[in-house]
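Before any comments, here is the structure.
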Amino acid sequence: MTSDFFEQLGKAVGDTNVLTGDAVHADYTHDETLGLGPVVPLTVVLPGSTGEVAEVLCIATEHGVPVVVRGSGTGLSGAARPVAGAILLAFDRMNRIREIDTDNQVAVVEPGVTLEQLNGELAPYGLVYPVSPGEQSASLGGNVGTNAGGMRAVRYGVTRHHVLGLEVVLADGTVMRTGGKFVKSSTGYDLTQLLIGSEGTLAVTTEVIVKLHPRLTETATVLAPFATLPEVTKAVPRIVASGVEPTILEYADALVMSSITKAAGLDLGIPESVQQAALAYLVVVLEQSSVARLDEDVEQLGTLLGDLGALDVYVLPPHAGSSLITARERLFFVTKASGADDIIDAVIPRAAIPDYLAAVAELAASHGAFVSGCGHVGDGNVHLAVFQPDAQARHELNRAIFRTAIEAGGTISGEHGIGTSKMSYFVESADPALLSLMHAIKAAFDPGGILGPGRMPGPADHLETAHS
Ligand SMILES: Cc1cc2nc3c(=O)[nH]c(=O)nc-3n(C[C@H](O)[C@H](O)[C@H](O)COP(=O)(O)OP(=O)(O)OC[C@H]3O[C@@H](n4cnc5c(N)ncnc54)[C@H](O)[C@@H]3O)c2cc1C
């Protein structure tokens, strides 16, 4: 690349914000996807304003240099992993909360603001941004990029249910606004929704307007061990239909439960005999604005869980309850440390989960693999840790699992995204009419194809998969 290119970048964002060589910290070379090695980009560029983002994109377009956008790099699909020869556009400097508007219950934030930061600022106002992917260091820009979900989606929905408007910069440097501080609009195509989940392939987000909720102060965590996994998964639709509105409704198989409690040094006080008999657990968090309403919900849920065959029902002491949820959020790192080769997050209609998990167990056995599971069962989003070190065998197994999910009426990813790691599965299973429309949308937003090369839904010759 010519020195002119770097000079232009330096002028746009300041020389100290254009990193090359040893100045590129290892964190910038990967996201958290298992099995994808580090890639050093041509340069890491750290813009400080929307105007600077626009200038960087103009320079990239002029020189035909691809751009990979990065938030906090906690993604699980390889979408923020750099490409050699590309600019990695990182938002470490654009991390200001521009406004907390209590009357309209919205926050206006820059893309580098993290979930932890936003919720910390919102607490004194009695407000919360409830979308909660397990990693609180994730950025709002990244959440929009992946349409992040997380444990609270069963009650509150996912990122796309909370983003009211965006400011974005197109590949040619045009700054564009969508939506606003309002909750409804029937005014042309909804480009806000199109951009959410587009994984940095259509435009670069420079501002996000999000909807906020009142912070509910009373919480109870209920743990229900079951003798069999099908009993757990069959209980889920009944709990959702009961009207108790769980904030979190997770399942964990016995192995996952024992690994997370062990890793966190957590004793939940469950008798040994019950632990021995339990093959799976439901974890239900209830939240309410008053103790009386919470107690009513806990009682109703306890009775229901008993009727549904729970071996027992435990209302955990507050500290144990929050520690269990934190331990569940750290599960990814426990799974990684135990040598998992992949994590997949297909989503299916929740009533199809029992048959789906039975089919997964058979597929794992027939592919010589071990698969453990847990996840956001309330919204049909089961996370599977796949232990199969042979890349080809794992690829075949993943493919069979995704096919099973699709046949059950589901799809490949509920929240982690397609990125680079699931691209081959997506392309081979998607409706050709849908793919062709996606190509046309990509070409309309980014005719030079500089944003997120190899990511959804780039031309076939750009595909970079976990297997290459
Ligand atoms: C321990 C752990 C637990 C997790 N649990 C969950 C979970 O429960 N639910 C869930 O949904 N996810 C979960 N994740 C995945 C991850 O946290 C989410 O995908 C999150 O949305 C990524 O945010 P990020 O800021 O790290 O984005 P990155 O990984 O940096 O980027 C993600 C995508 O967004 C794009 N992007 C980033 N910023 C911008 C921008 N400004 N403009 C345009 N595109 C942009 C990137 O190009 C990339 O495509 C978990 C990850 C970990 C490590």
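Heavy atoms only: backbone and side chains are in, while hydrogens, waters and symmetry mates are out. Small disclaimer: the values here were computed from a predicted structure and weren't measured. Both counts, for ligands and for their atoms, begin at 1 and track the order of listing.
Below 3.5 Å of separation, one finds an N or O of S139 facing an N or O of ligand 1. Note: no N/O pair closer than 3.5 Å links A138 and ligand 1 by distance alone. Note: no N/O pair closer than 3.5 Å links D31 and ligand 1 by distance alone. Considering backbone and side-chain N/O of E199, one or more are found under 3.5 Å from N/O of ligand 1. Remark: ligand 1 and S132 share no N or O pair separated by less than 3.5 Å (distance only, no angle test). On a distance-only criterion, H416 and ligand 1 share no N/O pair closer than 3.5 Å.
For atom 41 (N) of ligand 1, the closest heavy atom belonging to the protein is T205 O, 3.0 Å. Nearest protein heavy-atom contact of atom 44 (N) of ligand 1 is G200 CA, 3.5 Å. Among protein heavy atoms, atom 46 (C) of ligand 1 sits closest to V69 O, 3.1 Å. Scanning all protein heavy atoms for the shortest distance to atom 14 (N) of ligand 1 gives L76 CD1, 3.8 Å. Annotation: atom 8 (O) of ligand 1 to nearest protein heavy atom, G134 N, 3.2 Å. Remark: minimum distance from atom 9 (N) of ligand 1 to any protein heavy atom is reached at E415 OE2, 2.9 Å. Looking only at protein heavy atoms, the nearest one to atom 29 (O) of ligand 1 is G75 N, 2.8 Å. Atom 24 (P) of ligand 1 has as its closest protein heavy atom S72 N, 3.5 Å.
Donor-acceptor pairing under 3.5 Å is lacking for the side chains of T74 and E32. Side-chain polar atoms of Q117 and Q136 form no donor-acceptor pair below 3.5 angstrom. No side-chain donor-acceptor contact under 3.5 Å links H395 and Q388. Donor-acceptor pairing under 3.5 Å is recorded for the side chains of S185 and T187.
Across the listed options V68, V208, T74, T74 owns the non-hydrogen atom lying nearest to atom 26 (O) of ligand 1. By heavy-atom distance, the residue among G73, A203, G78, G375 lying nearest atom 43 (C) of ligand 1 is A203. Selection from S413, P133, G197 by nearest heavy atom to atom 12 (N) of ligand 1 gives P133. The heavy atom nearest to atom 36 (N) of ligand 1, considering only A148, G141, A153, is found in G141. Within the set S198, G145, S77, the minimum heavy-atom distance to atom 34 (O) of ligand 1 is found for G145.
At least one donor-acceptor pair under 3.5 Å links the side chain of T33 to the backbone N or O of G78. For N143 (side chain) and S139 (main-chain N/O), a donor-acceptor pair under 3.5 Å exists by modelled atom type. Put simply, the side chain of D345 gets close to the backbone of G414: a donor and an acceptor are under 3.5 Å apart. In this structure a side-chain-to-backbone donor-acceptor pair under 3.5 Å is present from R81 to G37. Looking at T233, its side chain does come within 3.5 Å of a backbone N or O of L229 through a donor-acceptor pair. Not one N or O on the side chain of D101 forms a donor-acceptor pair closer than 3.5 Å with the backbone of A107.
A side chain to side chain contact (heavy atoms under 4.5 Å, CB included) with T205 holds for exactly one of L166, I196, V163; it is L166. Partner K422 forms a side chain to side chain contact (heavy atoms under 4.5 Å, CB included) with one of I344, V427, L76 and no other, that one being I344.
Remark: ligand 1 atoms within the under-4.0 Å shell around heavy atoms of P111 are 41 (N). Residue-ligand proximity, H376 to ligand 1, at heavy-atom distances under 4.0 Å covers atoms 8 (O). Under a 4.0 Å criterion applied to the non-hydrogen atoms of R70, ligand 1 contributes the atoms 30 (O), 37 (C), 38 (N). Listed by number with element, the atoms of ligand 1 under 4.0 angstrom from any heavy atom of E135 are 1 (C), 2 (C), 3 (C), 4 (C), 17 (O), 51 (C), 52 (C). Within ligand 1, counting atoms from 1 as listed, the ones closer than 4.0 Å to a heavy atom of G150 are 7 (C), 8 (O), 9 (N).
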Salt bridge (charged side-chain N to carboxylate O under 4.0 Å, His left out) assessment of E287 paired with R152: CA-CA 11 Å; E287 284 180 342; R152 294 167 167 256; 3.0 Å; yes

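Looking at Y281 and V232, their side chains never come closer than 4.5 Å, going by heavy atoms from C-beta outward. Side chains of Y129 and L140 form a contact here, defined as non-hydrogen atoms less than 4.5 Å apart. Contact annotation: the side chain of F6 approaches that of V18 to within less than 4.5 Å [non-hydrogen atoms, C-beta and beyond].
Residue contacts with ligand 1 do not include R455, since none of its heavy atoms lies under 4.0 Å from the ligand. Look at G452 and you'll find every heavy atom at least 4.0 Å from all atoms of ligand 1. Under the 4.0 angstrom criterion for non-hydrogen atoms, G419 is not in contact with ligand 1. For the ligand labelled ligand 1, residue E329 lies inside the 4.0 Å heavy-atom shell.
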